[in-house]
Amino acid sequence: MINVIDNMEAQTVQPAMQNGGLMKPNVVGVGGDEDSKTNLIVNYLPQNMAQDEMKSLFGKFGEIESCKLVRDKLTGQSLGYGFVNYLKPADALKAVKTLNGLRLQCKTIKVSFARPSSQAIKDANLYISGIPKHYGQLDLDNLFNAFGRIICSRLLLDHECGESGRPRGVGFVRYDRRCEAEKAIEGLNGNIPHGGKDPLIVKFANNPGQHYQKCLQQMYQQMPIISPTLSPRRVGGPVSAGGSQNFIGPMRHMAHCFRWQQMGSKMQGLIGKLLPKNFMFNPMTSSDVISHMNLQAMTNNGQGWCIFVYNLPADCEDGLLWQLFGPYGAVTNVKVVRDQPNQRCKGYGFVNMLNYDEALSAINTLNGYQLNGKRTLQVSFKSSKQKS
DNA sequence: TGGTATT
(Lines give C-alpha, C1' and ligand atoms only; values in the text may rest on other atoms or scores of the structure.)
Protein backbone atom coordinates (compact mmCIF):
# COMPACT_ATOMS: atom_id res chain seq x y z
CA MET A 1 0.00 0.00 0.00
CA ILE A 2 1.19 3.45 -0.77
CA ASN A 3 0.24 6.58 1.02
CA VAL A 4 0.28 9.59 -1.14
CA ILE A 5 1.45 12.94 -0.01
CA ASP A 6 -1.44 15.08 -0.93
CA ASN A 7 -1.38 17.78 -3.52
CA MET A 8 -3.47 20.29 -1.63
CA GLU A 9 -2.03 23.74 -1.42
CA ALA A 10 -1.74 23.71 2.25
CA GLN A 11 -0.87 25.25 5.02
CA THR A 12 0.60 23.95 8.18
CA VAL A 13 2.51 20.78 7.95
CA GLN A 14 3.44 18.84 11.02
CA PRO A 15 6.81 17.15 11.06
CA ALA A 16 6.79 14.34 8.57
CA MET A 17 6.51 10.99 10.24
CA GLN A 18 8.42 8.73 8.00
CA ASN A 19 8.61 5.07 8.58
CA GLY A 20 9.52 2.99 5.64
CA GLY A 21 7.58 5.39 3.45
CA LEU A 22 4.33 4.41 5.05
CA MET A 23 3.38 7.67 6.63
CA LYS A 24 2.30 10.88 5.09
CA PRO A 25 2.76 14.29 6.64
CA ASN A 26 -0.22 15.36 8.61
CA VAL A 27 -1.82 18.30 6.94
CA VAL A 28 -4.24 20.83 8.32
CA GLY A 29 -6.87 21.57 5.73
CA VAL A 30 -8.13 25.01 4.80
CA GLY A 31 -10.77 26.09 7.22
CA GLY A 32 -11.03 22.55 8.54
CA ASP A 33 -10.61 21.28 12.04
CA GLU A 34 -7.05 20.82 13.00
CA ASP A 35 -6.09 17.18 13.14
CA SER A 36 -5.59 15.87 16.62
CA LYS A 37 -2.05 15.63 17.86
CA THR A 38 -2.86 12.96 20.40
CA ASN A 39 -5.47 10.74 18.77
CA LEU A 40 -4.19 7.90 16.60
CA ILE A 41 -5.97 5.54 14.28
CA VAL A 42 -4.51 2.07 14.03
CA ASN A 43 -5.34 0.04 10.92
CA TYR A 44 -4.74 -3.51 9.78
CA LEU A 45 -4.69 -5.00 13.24
CA PRO A 46 -4.69 -8.79 13.40
CA GLN A 47 -8.21 -10.16 13.65
CA ASN A 48 -7.66 -11.74 17.04
CA MET A 49 -5.98 -8.81 18.73
CA ALA A 50 -7.90 -7.64 21.78
CA GLN A 51 -8.31 -4.12 23.07
CA ASP A 52 -6.24 -4.90 26.15
CA GLU A 53 -3.35 -6.09 24.01
CA MET A 54 -3.62 -2.99 21.92
CA LYS A 55 -3.58 -0.85 25.03
CA SER A 56 -0.59 -2.61 26.43
CA LEU A 57 1.31 -2.21 23.16
CA PHE A 58 0.57 1.49 22.85
CA GLY A 59 0.87 2.14 26.57
CA LYS A 60 4.63 1.77 26.35
CA PHE A 61 4.91 5.20 24.80
CA GLY A 62 3.05 7.20 27.40
CA GLU A 63 -0.13 7.60 29.30
CA ILE A 64 -3.23 6.78 27.30
CA GLU A 65 -6.42 8.74 27.72
CA SER A 66 -8.50 6.17 25.85
CA CYS A 67 -8.04 3.11 23.71
CA LYS A 68 -10.73 1.55 21.60
CA LEU A 69 -10.73 -1.43 19.33
CA VAL A 70 -13.64 -1.06 16.94
CA ARG A 71 -15.88 -4.09 16.81
CA ASP A 72 -18.90 -5.02 14.75
CA LYS A 73 -21.90 -3.98 16.80
CA LEU A 74 -23.81 -7.15 16.02
CA THR A 75 -21.22 -9.88 15.87
CA GLY A 76 -18.64 -8.42 18.23
CA GLN A 77 -15.87 -9.26 15.79
CA SER A 78 -12.91 -6.95 15.54
CA LEU A 79 -13.08 -4.70 12.51
CA GLY A 80 -9.30 -4.61 12.43
CA TYR A 81 -8.86 -1.02 13.43
CA GLY A 82 -8.99 1.11 16.51
CA PHE A 83 -8.09 4.36 18.17
CA VAL A 84 -5.56 5.32 20.79
CA ASN A 85 -5.73 8.75 22.35
CA TYR A 86 -2.69 9.85 24.36
CA LEU A 87 -2.53 12.58 26.94
CA LYS A 88 0.62 14.05 25.43
CA PRO A 89 1.22 14.80 21.73
CA ALA A 90 4.87 13.78 22.07
CA ASP A 91 3.87 10.29 23.15
CA ALA A 92 1.48 9.96 20.23
CA LEU A 93 4.22 10.97 17.84
CA LYS A 94 6.60 8.48 19.41
CA ALA A 95 4.02 5.71 18.97
CA VAL A 96 3.52 6.59 15.31
CA LYS A 97 7.25 6.65 14.65
CA THR A 98 7.86 3.37 16.39
CA LEU A 99 4.79 1.30 15.70
CA ASN A 100 3.75 2.31 12.21
CA GLY A 101 4.74 -0.49 9.88
CA LEU A 102 5.16 -2.98 12.72
CA ARG A 103 4.56 -6.58 11.71
CA LEU A 104 2.06 -8.28 13.97
CA GLN A 105 1.35 -11.85 13.05
CA CYS A 106 0.72 -11.76 9.28
CA LYS A 107 -0.14 -8.10 9.21
CA THR A 108 1.67 -4.81 9.00
CA ILE A 109 -0.17 -2.37 11.17
CA LYS A 110 -0.57 1.22 10.17
CA VAL A 111 -0.46 3.89 12.83
CA SER A 112 -1.35 7.45 11.91
CA PHE A 113 -2.98 10.51 13.35
CA ALA A 114 -6.76 10.27 13.18
CA ARG A 115 -8.53 12.88 11.15
CA PRO A 116 -11.41 14.59 12.93
CA SER A 117 -14.36 12.29 12.56
CA SER A 118 -17.16 13.49 10.34
CA GLN A 119 -19.72 12.23 7.88
CA ALA A 120 -17.68 13.77 5.08
CA ILE A 121 -14.80 11.33 5.46
CA LYS A 122 -16.91 8.20 5.53
CA ASP A 123 -17.44 5.92 2.54
CA ALA A 124 -14.70 7.51 0.50
CA ASN A 125 -13.12 4.30 -0.74
CA LEU A 126 -13.23 3.50 -4.45
CA TYR A 127 -12.91 0.24 -6.30
CA ILE A 128 -11.36 0.56 -9.73
CA SER A 129 -11.16 -2.02 -12.49
CA GLY A 130 -10.01 -1.80 -16.08
CA ILE A 131 -6.70 -0.24 -15.08
CA PRO A 132 -4.16 -0.76 -17.89
CA LYS A 133 -2.01 -3.74 -16.97
CA HIS A 134 1.18 -1.77 -17.44
CA TYR A 135 0.11 0.82 -14.88
CA GLY A 136 2.05 0.82 -11.66
CA GLN A 137 1.04 2.16 -8.30
CA LEU A 138 2.33 5.62 -9.14
CA ASP A 139 0.41 5.73 -12.42
CA LEU A 140 -2.75 4.90 -10.51
CA ASP A 141 -2.04 7.61 -7.97
CA ASN A 142 -1.29 10.17 -10.66
CA LEU A 143 -4.58 9.38 -12.33
CA PHE A 144 -6.61 9.85 -9.15
CA ASN A 145 -4.62 12.69 -7.58
CA ALA A 146 -6.44 15.31 -9.58
CA PHE A 147 -9.70 14.72 -7.74
CA GLY A 148 -8.65 15.10 -4.16
CA ARG A 149 -6.43 14.07 -1.31
CA ILE A 150 -5.65 10.38 -1.47
CA ILE A 151 -5.39 8.77 1.95
CA CYS A 152 -4.19 5.46 0.60
CA SER A 153 -4.29 3.52 -2.58
CA ARG A 154 -3.55 0.01 -3.59
CA LEU A 155 -3.04 -1.66 -6.92
CA LEU A 156 -3.86 -5.32 -6.57
CA LEU A 157 -1.35 -7.79 -7.87
CA ASP A 158 -1.48 -11.40 -8.89
CA HIS A 159 0.18 -13.53 -6.23
CA GLU A 160 0.44 -10.56 -3.99
CA CYS A 161 2.42 -12.47 -1.44
CA GLY A 162 4.90 -13.67 -4.04
CA GLU A 163 7.70 -11.71 -5.54
CA SER A 164 6.51 -11.69 -9.13
CA GLY A 165 3.26 -9.88 -8.57
CA ARG A 166 1.78 -8.45 -11.74
CA PRO A 167 -0.96 -5.82 -11.72
CA ARG A 168 -4.40 -7.35 -12.02
CA GLY A 169 -5.93 -4.21 -13.42
CA VAL A 170 -7.92 -3.56 -10.29
CA GLY A 171 -7.27 -1.44 -7.26
CA PHE A 172 -8.58 0.73 -4.47
CA VAL A 173 -8.24 4.43 -3.81
CA ARG A 174 -9.37 5.96 -0.55
CA TYR A 175 -9.88 9.70 -0.57
CA ASP A 176 -9.99 12.04 2.38
CA ARG A 177 -13.58 12.93 1.59
CA ARG A 178 -16.50 11.25 -0.03
CA CYS A 179 -17.12 14.25 -2.29
CA GLU A 180 -13.64 13.77 -3.74
CA ALA A 181 -14.45 10.15 -4.46
CA GLU A 182 -17.66 11.25 -6.13
CA LYS A 183 -15.69 13.65 -8.32
CA ALA A 184 -13.30 10.88 -9.29
CA ILE A 185 -16.19 8.65 -10.31
CA GLU A 186 -17.64 11.46 -12.36
CA GLY A 187 -14.32 12.27 -13.98
CA LEU A 188 -12.95 8.80 -14.59
CA ASN A 189 -15.68 6.17 -14.71
CA GLY A 190 -16.20 4.98 -18.27
CA ASN A 191 -13.18 6.87 -19.58
CA ILE A 192 -10.20 5.27 -21.23
CA PRO A 193 -7.08 6.30 -19.34
CA HIS A 194 -3.96 7.50 -21.13
CA GLY A 195 -2.15 4.54 -22.64
CA GLY A 196 -5.09 2.20 -22.05
CA LYS A 197 -7.57 0.41 -24.30
CA ASP A 198 -10.53 -0.26 -22.04
CA PRO A 199 -12.71 2.14 -20.13
CA LEU A 200 -12.15 2.33 -16.41
CA ILE A 201 -14.83 1.23 -14.00
CA VAL A 202 -14.72 3.46 -10.94
CA LYS A 203 -17.25 2.94 -8.18
CA PHE A 204 -17.57 2.95 -4.43
CA ALA A 205 -15.99 -0.07 -2.83
CA ASN A 206 -18.11 -2.44 -0.85
CA ASN A 207 -17.76 -2.24 2.82
CA PRO A 208 -18.29 -5.48 4.67
CA GLY A 209 -20.67 -4.13 7.26
CA GLN A 210 -23.13 -2.98 4.66
CA HIS A 211 -24.28 -6.46 3.75
CA TYR A 212 -25.20 -7.26 7.31
CA GLN A 213 -26.93 -3.94 7.80
CA LYS A 214 -28.86 -4.50 4.59
CA CYS A 215 -30.07 -7.86 5.84
CA LEU A 216 -31.22 -6.37 9.11
CA GLN A 217 -32.89 -3.51 7.34
CA GLN A 218 -34.62 -5.93 5.03
CA MET A 219 -35.68 -8.05 7.96
CA TYR A 220 -37.03 -5.04 9.79
CA GLN A 221 -39.04 -3.92 6.80
CA GLN A 222 -40.32 -7.34 5.92
CA MET A 223 -41.09 -8.92 9.25
CA PRO A 224 -44.14 -11.13 8.89
CA ILE A 225 -46.87 -11.71 11.42
CA ILE A 226 -44.92 -14.22 13.37
CA SER A 227 -44.05 -14.44 16.99
CA PRO A 228 -40.62 -15.70 17.88
CA THR A 229 -42.27 -18.15 20.17
CA LEU A 230 -44.66 -19.47 17.57
CA SER A 231 -44.02 -21.90 14.83
CA PRO A 232 -43.84 -20.30 11.41
CA ARG A 233 -46.46 -22.83 10.38
CA ARG A 234 -48.83 -20.39 11.95
CA VAL A 235 -47.78 -17.59 9.67
CA GLY A 236 -50.94 -16.17 8.32
CA GLY A 237 -52.71 -13.04 7.33
CA PRO A 238 -53.18 -11.36 4.03
CA VAL A 239 -50.41 -11.15 1.51
CA SER A 240 -49.00 -7.69 1.41
CA ALA A 241 -45.81 -5.77 0.63
CA GLY A 242 -43.65 -8.82 0.48
CA GLY A 243 -45.32 -10.00 -2.72
CA SER A 244 -45.73 -13.74 -2.68
CA GLN A 245 -44.62 -13.98 0.92
CA ASN A 246 -46.66 -13.23 3.98
CA PHE A 247 -44.95 -10.05 5.01
CA ILE A 248 -46.44 -7.16 6.77
CA GLY A 249 -45.10 -3.99 8.25
CA PRO A 250 -42.30 -3.44 10.71
CA MET A 251 -41.01 -5.96 13.18
CA ARG A 252 -43.29 -6.54 16.11
CA HIS A 253 -41.03 -8.63 18.24
CA MET A 254 -37.49 -7.71 19.01
CA ALA A 255 -36.73 -10.82 21.02
CA HIS A 256 -34.60 -12.55 18.45
CA CYS A 257 -33.01 -9.31 17.39
CA PHE A 258 -31.91 -8.99 20.99
CA ARG A 259 -30.38 -12.41 20.74
CA TRP A 260 -28.33 -11.38 17.77
CA GLN A 261 -26.97 -8.51 19.74
CA GLN A 262 -25.88 -10.97 22.38
CA MET A 263 -23.85 -12.95 19.90
CA GLY A 264 -20.67 -10.93 20.25
CA SER A 265 -18.72 -12.86 22.80
CA LYS A 266 -20.01 -16.17 21.57
CA MET A 267 -18.92 -15.47 18.03
CA GLN A 268 -15.37 -15.43 19.21
CA GLY A 269 -15.56 -18.91 20.48
CA LEU A 270 -13.85 -21.75 18.71
CA ILE A 271 -15.73 -24.59 17.13
CA GLY A 272 -15.49 -26.52 20.38
CA LYS A 273 -17.63 -23.95 22.05
CA LEU A 274 -20.28 -24.39 19.40
CA LEU A 275 -20.73 -28.03 20.24
CA PRO A 276 -22.96 -29.24 23.02
CA LYS A 277 -20.78 -30.15 25.98
CA ASN A 278 -21.64 -33.81 25.79
CA PHE A 279 -21.54 -34.03 22.04
CA MET A 280 -18.50 -36.21 21.56
CA PHE A 281 -18.52 -38.11 24.78
CA ASN A 282 -21.96 -39.21 25.71
CA PRO A 283 -23.15 -42.16 23.65
CA MET A 284 -26.66 -41.68 24.97
CA THR A 285 -26.97 -38.31 23.36
CA SER A 286 -29.26 -38.09 20.41
CA SER A 287 -27.52 -40.69 18.34
CA ASP A 288 -30.29 -40.40 15.82
CA VAL A 289 -29.61 -36.72 15.63
CA ILE A 290 -25.90 -37.18 15.26
CA SER A 291 -26.44 -39.64 12.48
CA HIS A 292 -28.21 -36.85 10.68
CA MET A 293 -25.14 -34.80 10.79
CA ASN A 294 -22.29 -35.00 8.48
CA LEU A 295 -19.18 -33.78 10.22
CA GLN A 296 -18.56 -31.66 7.15
CA ALA A 297 -21.70 -29.80 8.01
CA MET A 298 -20.08 -28.32 11.05
CA THR A 299 -18.59 -25.06 10.11
CA ASN A 300 -15.48 -23.97 11.85
CA ASN A 301 -15.55 -20.37 10.72
CA GLY A 302 -17.24 -18.98 13.78
CA GLN A 303 -20.61 -18.85 12.07
CA GLY A 304 -21.93 -22.02 13.62
CA TRP A 305 -24.02 -24.73 12.05
CA CYS A 306 -24.74 -24.56 8.37
CA ILE A 307 -28.28 -25.40 7.27
CA PHE A 308 -29.30 -26.16 3.69
CA VAL A 309 -32.68 -24.80 2.62
CA TYR A 310 -34.20 -26.09 -0.59
CA ASN A 311 -37.24 -25.09 -2.69
CA LEU A 312 -37.05 -21.38 -2.13
CA PRO A 313 -38.99 -19.17 -4.54
CA ALA A 314 -37.16 -17.36 -7.35
CA ASP A 315 -37.86 -14.00 -5.75
CA CYS A 316 -36.51 -15.07 -2.38
CA GLU A 317 -34.50 -12.45 -0.51
CA ASP A 318 -32.10 -12.87 2.40
CA GLY A 319 -34.75 -11.33 4.63
CA LEU A 320 -37.00 -14.35 4.25
CA LEU A 321 -34.29 -16.65 5.61
CA TRP A 322 -33.53 -14.30 8.48
CA GLN A 323 -37.13 -14.20 9.55
CA LEU A 324 -37.84 -17.87 9.04
CA PHE A 325 -34.86 -19.00 11.13
CA GLY A 326 -34.48 -16.03 13.49
CA PRO A 327 -37.23 -17.17 15.87
CA TYR A 328 -35.33 -20.37 16.65
CA GLY A 329 -32.15 -18.74 17.86
CA ALA A 330 -29.03 -16.86 16.89
CA VAL A 331 -28.66 -16.71 13.12
CA THR A 332 -25.18 -15.60 12.18
CA ASN A 333 -25.44 -15.53 8.41
CA VAL A 334 -27.79 -16.29 5.55
CA LYS A 335 -27.19 -16.73 1.85
CA VAL A 336 -29.65 -17.05 -1.00
CA VAL A 337 -27.89 -18.70 -3.94
CA ARG A 338 -28.59 -16.82 -7.15
CA ASP A 339 -28.18 -17.16 -10.89
CA GLN A 340 -25.42 -14.86 -12.03
CA PRO A 341 -27.08 -13.10 -14.97
CA ASN A 342 -30.52 -12.37 -13.56
CA GLN A 343 -29.88 -12.62 -9.81
CA ARG A 344 -32.94 -14.83 -9.38
CA CYS A 345 -32.76 -17.31 -6.56
CA LYS A 346 -31.70 -20.75 -7.79
CA GLY A 347 -34.14 -22.36 -5.42
CA TYR A 348 -31.88 -22.87 -2.46
CA GLY A 349 -29.87 -21.14 0.17
CA PHE A 350 -27.91 -21.54 3.39
CA VAL A 351 -28.40 -20.38 6.93
CA ASN A 352 -25.80 -20.43 9.68
CA MET A 353 -26.99 -20.78 13.24
CA LEU A 354 -24.76 -20.43 16.24
CA ASN A 355 -26.17 -23.10 18.52
CA TYR A 356 -26.69 -26.69 17.62
CA ASP A 357 -29.93 -27.22 19.53
CA GLU A 358 -31.46 -24.12 18.01
CA ALA A 359 -30.40 -25.18 14.51
CA LEU A 360 -31.90 -28.59 15.10
CA SER A 361 -35.12 -27.09 16.35
CA ALA A 362 -35.31 -24.86 13.28
CA ILE A 363 -34.70 -27.82 10.99
CA ASN A 364 -37.28 -29.95 12.74
CA THR A 365 -39.92 -27.28 12.46
CA LEU A 366 -39.12 -25.79 9.09
CA ASN A 367 -38.41 -28.96 7.15
CA GLY A 368 -41.64 -29.62 5.31
CA TYR A 369 -42.94 -26.15 6.06
CA GLN A 370 -45.23 -24.88 3.34
CA LEU A 371 -44.28 -21.41 2.30
CA ASN A 372 -47.49 -19.60 1.43
CA GLY A 373 -49.14 -22.97 1.41
CA LYS A 374 -47.48 -23.61 -1.95
CA ARG A 375 -43.84 -24.55 -1.74
CA THR A 376 -42.66 -27.21 0.64
CA LEU A 377 -39.29 -26.35 2.08
CA GLN A 378 -36.63 -29.00 2.55
CA VAL A 379 -34.40 -28.07 5.45
CA SER A 380 -31.44 -30.02 6.73
CA PHE A 381 -27.92 -29.65 8.02
CA LYS A 382 -25.71 -28.89 5.06
CA SER A 383 -23.98 -31.95 3.73
CA SER A 384 -20.48 -31.95 2.37
CA LYS A 385 -21.76 -32.03 -1.21
CA GLN A 386 -23.47 -28.68 -1.02
CA LYS A 387 -21.17 -25.75 -0.98
CA SER A 388 -22.17 -22.43 0.48
C1' DT B 1 -13.48 -6.56 -4.56
C1' DG B 2 -8.86 -5.21 0.11
C1' DG B 3 -5.13 -6.31 4.97
C1' DT B 4 -13.04 -4.72 7.41
C1' DA B 5 -10.20 3.34 7.67
C1' DT B 6 -13.46 7.46 11.73
C1' DT B 7 -15.13 5.58 17.72
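A quick note: this is a predicted structure, and the numbers were derived from the prediction, not measured. In what follows, chains are A, B, ... by sequence order, proteins preceding strands, each numbered from 1.
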Practice prompt. Just compare B:dT7, B:dA5, B:dG2 and give me whichever is closest to any side-chain atom of A:Arg115.
Written response: B:dA5
Practice prompt. For A:Ala359, enumerate each residue passing the side chain to side chain contact (heavy atoms under 4.5 Å, CB included) test, keeping only those at least two apart in sequence or located in another chain.
Written response: A:Trp305, A:Ile307, A:Met353, A:Phe381
Practice prompt. Could you work out which one of B:dG2, B:dA5, B:dT6 sits closest to the side chain of A:Ile121?
Written response: B:dT6
Item to complete: Check every strand shown and say whether A:Asn85 touches a base, only sugar-phosphate, or nothing at a heavy-atom separation below 4.0 Å.
Response: nothing
Discussion item. Whether A:Asp176 and A:Arg115 form a salt bridge (side-chain N of Lys/Arg under 4.0 Å from carboxylate O of Asp/Glu) is what I want to check.
Written reply: yes
Practice prompt. Using distance alone, with no hydrogens and no angle criterion, decide if A:Asn39 and A:Glu65 have a side-chain donor and acceptor under 3.5 Å apart.
Written response: no
Discussion item. Can you measure A:Lys203 atom NZ to B:dT1 atom P for me and round it to whole angstrom units?
Written reply: 9 Å
Discussion item. Please report the distance, rounded to the nearest Å, between CZ in A:Arg174 and P in B:dA5.
Written reply: 6 Å
Worksheet item: Can you check whether A:Arg168 has a side-chain N or O nearer than 4.0 Å to OP1 or OP2 of B:dT1?
Response: yes
Worksheet entry | Between A:Gln137 and A:Ser153, a side-chain donor and acceptor under 3.5 Å | yes
Practice prompt. Take atom CD1 of A:Ile109 and atom P of B:dG2, then tell me their distance rounded to the nearest Å.
Written response: 23 Å
Item to complete: State which of B:dT6, B:dT1, B:dT4 makes the closest approach to the side chain of A:Ile41.
Response: B:dT6
Worksheet item: Whole-Å distance between B:dG2 P and A:Ile150 CD1?
Response: 20 Å
Worksheet item: Can you find a donor-acceptor N/O pair under 3.5 angstrom joining the side chain of A:Asn43 to the base of B:dT6?
Response: no
Fill in: DNA chain B: 5'-proximal contact among A:Tyr127 and A:Gln47 (nearest heavy atom)
A:Tyr127
Fill in: Check: A:Phe144 main-chain N/O paired with A:Tyr175 side-chain donor or acceptor under 3.5 Å
yes
Worksheet item: How would you label the contact of A:Tyr81 with the nucleic acid (heavy atoms, under 4.0 Å): base, sugar-phosphate, or nothing?
Response: sugar-phosphate
Worksheet item: In whole Å, what is the span from the CE atom of A:Met54 to the P atom of B:dT7?
Response: 14 Å
Discussion item. Does B:dT4 have OP1 or OP2 under 4.0 Å away from a side-chain N or O of A:Lys107?
Written reply: yes
Worksheet, complete the sentence: Taking B:dG2, B:dT6, B:dT4 as options, the one with an atom nearest any side-chain atom of A:Ala114 is B:dT6
Discussion item. Just the rounded figure in Å: distance from P of B:dT7 to CG of A:Leu79.
Written reply: 11 Å
Practice prompt. Could you check A:Phe308 against A:Phe350 for ring-ring contact (aromatic ring centres under 6.0 Å, His included), going step by step and ending with a plain yes or no?
Written response: CA-CA 5 Å; A:Phe308 176 62; A:Phe350 297 93; 5.5 Å; yes
Fill in: side chain to side chain contact (heavy atoms under 4.5 Å, CB included) partners for A:Lys203, two or more places apart
A:Tyr127, A:Ile201
Item to complete: Could you check which residues of residues 191-202 of chain A get a heavy atom under 4.0 Å from DNA chain B? Sort them by number, please.
Response: none
Item to complete: Between A:Phe204 and A:Lys122, just flag the one whose closest nucleotide in DNA chain B comes earlier from the 5' side.
Response: A:Phe204
Item to complete: Return the nearest nucleotide to the side chain of A:Val70; candidates are B:dG2, B:dT7, B:dA5.
Response: B:dT7
Worksheet item: Is a salt bridge present between A:Asp91 and A:Lys94, judged by a nitrogen-to-oxygen distance below 4.0 Å?
Response: yes
Worksheet, complete the sentence: Picking from B:dT4, B:dA5, B:dT7, the nucleotide nearest the side-chain atoms of A:Ile151 would be B:dA5
Practice prompt. For A:Lys73 and B:dT6, give me the distance from atom NZ to atom P, rounded to whole Å.
Written response: 12 Å
Discussion item. Measure CZ/A:Arg177 against P/B:dT6 and give the value in whole Å, please.
Written reply: 13 Å
